[in-house]
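Okay, structure first, notes after.
Whatever order the structure lists ligands and atoms in, that order sets their numbers, starting from 1. Position 1 is the first residue of the sequence; numbering continues from there. All of these numbers come straight from a predicted model, not from anything done at the bench.
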Amino acid sequence: MLFKQQALLRQKLFVLGSLAIGSLLYLVARVGSLDRLQPLCPVDGRFGPRGQDEIPLRALQFKRGLLHEFRKGNATKEQIRLHNLVQQLPKAIIIGVRKGGTRALLEMLNLHPAVVKASQEIHFFDNDENYAKGIEWYRKKMPFSYPHQITIEKSPAYFITEEVPERIYKMNSSIKLLIIVREPTTRAISDYTQVLEGKERKNKTYYKFEKLAIDPNTCEVNTKYKAVRTSIYTKHLERWLKYFPIEQFHIVDGDRLITEPLPELQLVEKFLNLPPRISQYNLYFNATRGFYCLRFNIVFNKCLAGSKGRIHPEVDTSVITKLRKFFHPFNQKFYQITGRTFNWP
Ligand code: A3P
């Protein structure tokens with residue numbers, strides 16, 4: 001009898017203890033996210049009419065909870081109206097460069113309470129069929145957000161597609177444009193690795209990088225190879241500069257975003273006139289992944305998908321040297337135009 005009572009008491013104590021620990025964890029998580037929002041963040045008027053430039057305190061919790069449901073299309077019209085949610089055209093776009101770290105940049109910026117990302121690449125401006133559907137179609141592809149938040153989308157194909165600058169200009173001539181770049185030869189190899197993986201998945205064979213990057217007839221760099229052409233950043237940027245002044249661009253160092261993301265993100269916050277809200281707390285190095293991962297609060301964190309951070313195939317050093325030599329003058333021009341110098345060889 002006594003033994004039975006003791007067992008019952010132990011059981012009760014266990015349940016109470018679990019409840020207490022659970023509540024404590026919940027409170028710590030909640031306070032963690034609230035802390036990062038205090039005080040209310042003033043956002044520069046450019047992202048909202050004057051007098052309405054405060055980010056609601058609930059914004060971050062909303063981004064992780066209800067808003068997530070809304071994005072999945074689970075919201076009723078009444079809920080959207082009650083929460084004053086809107087689908088806004090982007091105020092900033094990550095236009096490229098493919099394999100520069102565009103996904104990491106978007107996900108990391110989304111840590112900011114005033115930023116709401118479009119999860120999918122929309123391909124509105126580079127795809128004629130999508131573009132023909134009109135701007136309302138594009139807006140409807142955007143996530144729900146508070147009017148004071150800004151929407152950001154990324155479609156790296158924009159950077160290299162001929163028609164895109166003019167089309168974006170027609171939508172918003174004062175939009176902010178983000179370009180994330182990596183050392184051009186590394187980016188080209190990363191580009192190749194992605195295509196190679198796609199071929200392997202379909203059980204297809206593919207050429208070696210060396211064969212694609214070097215023209216066998218001339219033994220010179222093959223400028224017809226897309227992975228090479230995409231890395232000639234200055235050529236593409238010059239097309240954009242026919243529509244937008246250089247002040248509307250911000251260049252992100254994709255190599256540094258891998259090793260030291262916070263300073264790069266702080267530069268972007270500044271460029272977007274956002275109050276600094278992303279901190280070292282939000283980024284932690286995951287040794288297994290070999291990359292920084294994202295921490296929203298004590299319970300919610302995530303790393304990028306395994307398709308980011310692939311192992312590159314080994315490339316003949318003479319080909320690497322040739323490519324680096326080829327890119328060198330274009331890189332110099334790129335530094336000159338953008339005012340941002342990189343230590344690329
Ligand atoms: P690799 O796969 O060559 O390593 P994009 O998103 O534009 O396709 O860029 C992919 C690249 O983002 C990856 O290229 C990877 O190096 C880089 N990257 C930067 N930060 C990262 C992060 N925190 N986690 C995973 N990949 C990251």
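Here the protein heavy atom with the shortest distance to atom 22 (C) of ligand 1 is F291 CD2, 3.6 Å. For atom 23 (N) of ligand 1, the closest non-hydrogen atom of the protein is Y292 O, 2.9 Å. Taking atom 7 (O) of ligand 1 as the reference point, the nearest protein heavy-atom neighbour is T102 OG1, 2.6 Å. In terms of protein heavy atoms, atom 4 (O) of ligand 1 is closest to G309 CA, 3.2 Å. What sits closest to atom 16 (O) of ligand 1 on the protein, heavy atoms only, is I258 CD1, 3.4 Å. Protein heavy atom in closest approach to atom 12 (O) of ligand 1: G101 CA, 3.4 Å.
Between F327 and I232, the shortest heavy-atom contact is CE2-CG1, 3.9 Å.
Annotation: cation-pi pair R167/Y131 present, NZ/CZ under 6.0 Å from the ring centroid and within 45° of its normal.
An N or O contact shorter than 3.5 Å links K308 to ligand 1 by distance. For a threshold of 3.5 Å applied to N or O pairs, the pair formed by S307 and ligand 1 contains no separation below that value. For ligand 1, the polar-atom distance check finds no N/O of K154 at less than 3.5 Å from any of the ligand's N/O atoms.
Taking a 4.0 Å cut-off on heavy atoms, R182 registers as neighbouring ligand 1. At least one heavy atom of M108 sits closer than 4.0 Å to an atom of ligand 1.
Between Y292 and Y284, the ring center distance fails the sub-6.0 Å criterion. With ring centers used as reference points, F124 lies 6.0 Å or more from Y158. The distance between the ring centers of Y192 and Y225 does not fall below 6.0 angstrom.
At least one donor-acceptor pair closer than 3.5 Å links the side chain of K322 to the backbone N or O of C219. In this structure, R187 contributes its side chain and A227 its backbone to a donor-acceptor pair below 3.5 Å. Q88 places a side-chain N or O within 3.5 Å of a backbone atom of Y146 that can act as its donor or acceptor partner. Under the 3.5 Å distance criterion, the side-chain polar atoms of E153 are left unmatched by any main-chain donor or acceptor of I94.
Near G100, meaning under 4.0 Å from any of its heavy atoms, are these atoms of ligand 1: 7 (O), 9 (O). Which parts of ligand 1 touch A104 is read off a 4.0 Å heavy-atom cut-off, strictly below it: atoms 19 (C), 20 (N), 21 (C). Close contacts between ligand 1 and R103 involve ligand atoms 6 (O) [criterion: under 4.0 Å to a heavy atom]. For ligand 1, the atoms lying closer than 4.0 Å to a non-hydrogen atom of H312 are 1 (P), 3 (O), 4 (O).
Shown here are the side chain to side chain donor-acceptor pair (under 3.5 Å) partners of E136, two or more places apart in sequence or in another chain: R139.
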